[in-house]
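What follows is a set of notes on a single structure, which appears directly below.
Bear in mind that the values here come from a model prediction, so they are computed numbers and not experimental data.
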Amino acid sequence: MALQVGPIVQDVFTVKEKLRITPHLIRVILKGNVEIFKDSSLGANNKIFIPQPGQSKVEMRDYNFETKEWIIPAPEIRPFMRTYTHRAVDFEKQELTLDFADHGTGGPASAWANRAQVGDELGIAMKTHSKELFPPVDWYLLAGDMTAIPVLSVILESLPATAKGTCIIEVHGPEDEQQIQTKAEIDFIWLHNAHPENGSDLVTEVKRVDLPSSSKFAYVACEYSSVKDIRTYLRKEQGWEAREMYAFSYWKSGASEDESGTVRREEKESV
Ligand SMILES: Cc1cc2nc3c(=O)[nH]c(=O)nc-3n(C[C@H](O)[C@H](O)[C@H](O)COP(=O)(O)OP(=O)(O)OC[C@H]3O[C@@H](n4cnc5c(N)ncnc54)[C@H](O)[C@@H]3O)c2cc1C
């Protein structure tokens, strides 16, 4: 049942369809009460609640409006919580689309996307405000790995025809490259890396880009070390202002999302 607590909405959705867009990107189309997301924007992040293996239902947290406290399910039935991106919402069909980078079955979210079948449940919560993903500037640097494809796709699809820029995306291999729609004049650079947990060439490639001196914005989303290095390069070596970029690590090699949240948020505030 849908629940709203202040700006946070949550509900349980069911898998309507699952397809592989490319060998390492799993698209899951969920059916349910997407009306709760009417004030949220595409590209915004949500929280998904993943049932434990063997559970057919997802046990969502409840809220006590008198004590103003969340009621969390017992550990043995408590779902895993992970952060994903609102890739697309179809209000007519009542569908929500999420794209999962397939990094195997070592993490609950990737494992769930691999085993998900039509009718399976997934809980979703998010804040209901809409947020500007990028400011209007002349030139954009978009850099990310497979986890950033959803948000970078939303950005590219909404850039105006007058925008220019470079988009560098690191994927598993050539078969994971895809056509992303945009009206803007964008140079696409695809990098291949079958083991992003062991390091990435994103920083090296960003350093090769001829950056403009004004009216620019960077959106960077990938593994912790790459985000940190790209942020340091743009801020310290290129003198970019903090407001000229959004850079946030979407995951940290060797650590689950629960384990890396604090250090990833601290890095975002670092320079
Ligand atoms: C704002 C935001 C939006 C995001 N949107 C998306 C999205 O739309 N699609 C998407 O796929 N991801 C997205 N992510 C990244 C996703 O939340 C993480 O990859 C998350 O760790 C996956 O959870 P898990 O349960 O599969 O693995 P976890 O349990 O968190 O981690 C288990 C192990 O897997 C490793 N790992 C995690 N992710 C990867 C990866 N991509 N490649 C290789 N190893 C990995 C970890 O380092 C750890 O060792 C987003 C993250 C943020 C912060």
Inset, instruction - May I ask you to decide if K207's main-chain N or O and E237's side chain share a donor-acceptor pair within less than 3.5 Å? - result: no
Legend entry - From Q238 atom CD to S213 atom OG, the distance as rounded to the nearest 0.5 Å: 10.5 Å
Legend entry - N-O pairing of R208 and E205 below 4.0 Å: yes
Inset, instruction - Measure up the W190 and F188 rings against each other and bin them: parallel (under 30°), tilted (30 to 60°), perpendicular (over 60°). - result: parallel
Legend entry - Approximate separation, where rounding is to 0.5 Å, of R265 CZ and F248 CZ: 6.5 Å
Inset, instruction - Decide yes or no for K31 and T14: does some side-chain heavy atom of the first lie under 4.5 Å from some side-chain heavy atom of the second? - result: yes
Legend entry - Heavy-atom donor-acceptor pair, T128 side chain to P7 backbone, under 3.5 Å: yes
Legend entry - Sidechain-backbone polar pair: E121 side chain, V58 backbone, donor-acceptor under 3.5 Å: yes
Legend entry - Residue pairs fulfilling ring pair (Phe, Tyr, Trp, His ring centres under 6.0 Å) with at least one residue in residues 167-187, sequence neighbours excluded: H24-H172
Legend entry - Cluster check L141, I149: I/L/V/M/F/W/Y, side chain < 4.5 angstrom: no
Legend entry - Backbone of S225 reached by a side-chain donor or acceptor of E223 within 3.5 Å: yes
Inset, instruction - Over all heavy atoms of both residues, which pair between G144 and L152 is shortest? Give the atoms and the distance, please. - result: N-CD1, 4.0 Å
Inset, instruction - Could you check if a side-chain atom of V12 sits within less than 4.5 angstrom of a side-chain atom of F49, using non-hydrogen atoms only? - result: no
Legend entry - Which atom of S260 lies closest to which atom of A255, heavy atoms considered: CB-CB, 3.9 Å
Legend entry - Heavy-atom closest pair, residues A101 and M146: CB-CB, 3.9 Å
Inset, instruction - Check the hydrophobic clustering (I, L, V, M, F, W, Y; side-chain heavy atoms under 4.5 Å; chains of links allowed) and say if Y250 and I168 are grouped together. - result: no
Inset, instruction - Can you measure from CD1 (I21) to CG (L19) and round to the nearest 0.5 angstrom? - result: 6.0 Å
Legend entry - Atom pair CD/OG of Q181 and S153 - distance to nearest 0.5 Å: 10.0 Å
Legend entry - Separation between CG of D120 and CG of L30, rounded to the nearest 0.5 Å: 10.0 Å
Legend entry - Closest non-hydrogen atom pair, A109 against I48: CB-CD1, 4.3 Å
Legend entry - Atom NZ of K127: over 12 foreign heavy atoms under 6.0 Å: no
Legend entry - Spacing of L122 atom CG and M60 atom CE [to the nearest 0.5 Å]: 8.5 Å
Legend entry - N/O donor-acceptor pair under 3.5 Å between N114 side chain and D102 backbone: no
Inset, instruction - Walk me through it: do V118 and K16 pass the test side-chain contact (heavy atoms from CB on, under 4.5 Å)? - result: CA-CA 5 Å; V118 172; K16 185 196 167 212; 6.0 Å; no
Legend entry - Note, L159 side chain near I186 side chain (heavy atom, < 4.5 Å): yes
Inset, instruction - May I ask whether I189 and Y219 are part of the same hydrophobic cluster, defined by side-chain heavy atoms of I, L, V, M, F, W, Y residues being less than 4.5 angstrom apart, directly or through others? - result: no
Legend entry - Student check: side-chain heavy atoms of Y84 and K47 closer than 4.5 Å: no
Inset, instruction - Not counting sequence neighbours, which residues clear ring pair (Phe, Tyr, Trp, His ring centres under 6.0 Å) with Y140? List them please. - result: F134
Legend entry - Heavy-atom pair of closest approach, residues E35 and F91: OE2-CD2, 3.8 Å
Inset, instruction - Let me see the working for V220 and V206 under side-chain contact (heavy atoms from CB on, under 4.5 Å), right down to the final yes or no. - result: CA-CA 10 Å; V220 181; V206 164; over 6 Å; no
Inset, instruction - Taking only Lys NZ, Arg NE, NH1 and NH2, and the carboxylate oxygens of Asp or Glu, determine whether E157 and R87 approach each other closer than 4.0 Å. - result: yes
Inset, instruction - Could you state whether I169 and I155 fall into the same hydrophobic cluster, counting links through intermediate Ile, Leu, Val, Met, Phe, Trp or Tyr residues with side-chain heavy atoms under 4.5 angstrom apart? - result: yes
Legend entry - Test item: R20 side-chain N/O and I26 main-chain N/O as donor-acceptor pair under 3.5 Å: no
Legend entry - Verdict with supporting geometry, I124 and F37, side-chain contact (heavy atoms from CB on, under 4.5 Å): CA-CA 10 Å; I124 302 184; F37 303 129; 3.8 Å; yes
Inset, instruction - Please examine the side chains of V28 and W112, heavy atoms only from C-beta on, and report whether any two atoms are closer than 4.5 Å. - result: yes
Legend entry - Verdict with supporting geometry, H86 and L96, side-chain contact (heavy atoms from CB on, under 4.5 Å): CA-CA 7 Å; H86 251 43; L96 166 69; 3.7 Å; yes
Legend entry - Side-chain donor or acceptor of T85 paired with backbone N/O of V151 under 3.5 Å: no
Legend entry - K18 (side chain) donor-acceptor with A116 (main chain) under 3.5 angstrom: yes
Legend entry - Non-neighbouring partners of D258 that pass salt bridge (Lys or Arg N to Asp or Glu O under 4.0 Å), sequence neighbours left out: R82
Inset, instruction - Mind listing the closest non-hydrogen atom pair of L133 and F217 along with its distance? - result: O-CE2, 4.0 Å
Legend entry - Any donor-acceptor pair under 3.5 Å from Q52 side chain to P75 backbone: yes
Inset, instruction - Without swapping roles, check the side chain of Q10 against the backbone of G123 for a donor-acceptor pair under 3.5 Å. - result: no
Inset, instruction - Look at the side-chain heavy atoms of Ile, Leu, Val, Met, Phe, Trp and Tyr, link any pair under 4.5 Å apart, and say whether I36 and M81 land in one connected group. - result: no
Inset, instruction - Check whether any side-chain heavy atom of D145 lies under 4.5 Å from a side-chain heavy atom of S200, and answer yes or no. - result: no
Inset, instruction - For residues H103 and E197, determine if any side-chain heavy atom of one lies less than 4.5 Å from a side-chain heavy atom of the other. - result: no
Legend entry - Any side-chain heavy-atom pair of K268 and R231 under 4.5 Å: yes
